Amino acid sequence: MNGLTVSDVVKCTVSLTAPDDYTAMNEEYAKVFHTDPPARTTVAVSDALVEIDCVAYRKRGS
């Protein structure tokens with residue numbers, strides 16, 4: 001990730017096949033983003049068990 005860490009993540013999109021998995025996913029998500037979690041969108045899809053897309057940002061010179 002080019003020296004970026006989870007603290008540099010500003011947004012995640014989570015896609016779940018089964019909406020019933022939301023609670024379990026949310027518990028695991030909180031283990032990674034335990035303080036100041038980024039903005040998140042969670043949607044139900046039909047072609048993957050779970051998929052997470054993250055956007056990270058680092059100021060120039062940091």
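It should be emphasised that the depicted structure is a prediction, and the values quoted were computed from it without experimental measurement.
In this structure Y22 satisfies the ring-ring contact (aromatic ring centres under 6.0 Å, His included) test with no other residue, sequence neighbours excluded. For E51, there are no salt bridge (Lys or Arg N to Asp or Glu O under 4.0 Å) partners at least two apart in sequence or on another chain.
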Can you give me every donor-acceptor pair (side chain of residues 42-50, partner residue at least two apart or in another chain, under 3.5 Å) with its distance?
from: T42; atom 1: OG1; to: R40; atom 2: NE; distance (Å): 3.3

In a table with atom names and distances, give each donor-acceptor pair under 3.5 Å that connects a side chain of residues 27-36 to protein atoms at least two apart or in another chain.
from: E28; atom 1: OE2; to: K31; atom 2: NZ; distance (Å): 3.0

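Expressed to the nearest 0.5 Å, how far NZ of K11 lies from OG1 of T41 amounts to 3.5 Å. In this structure, the separation between CG on L16 and CD1 on I52 is 8.0 Å, given to the nearest 0.5 Å. To the nearest 0.5 Å, atoms CZ (R58) and CG (D8) are separated by 6.5 Å.
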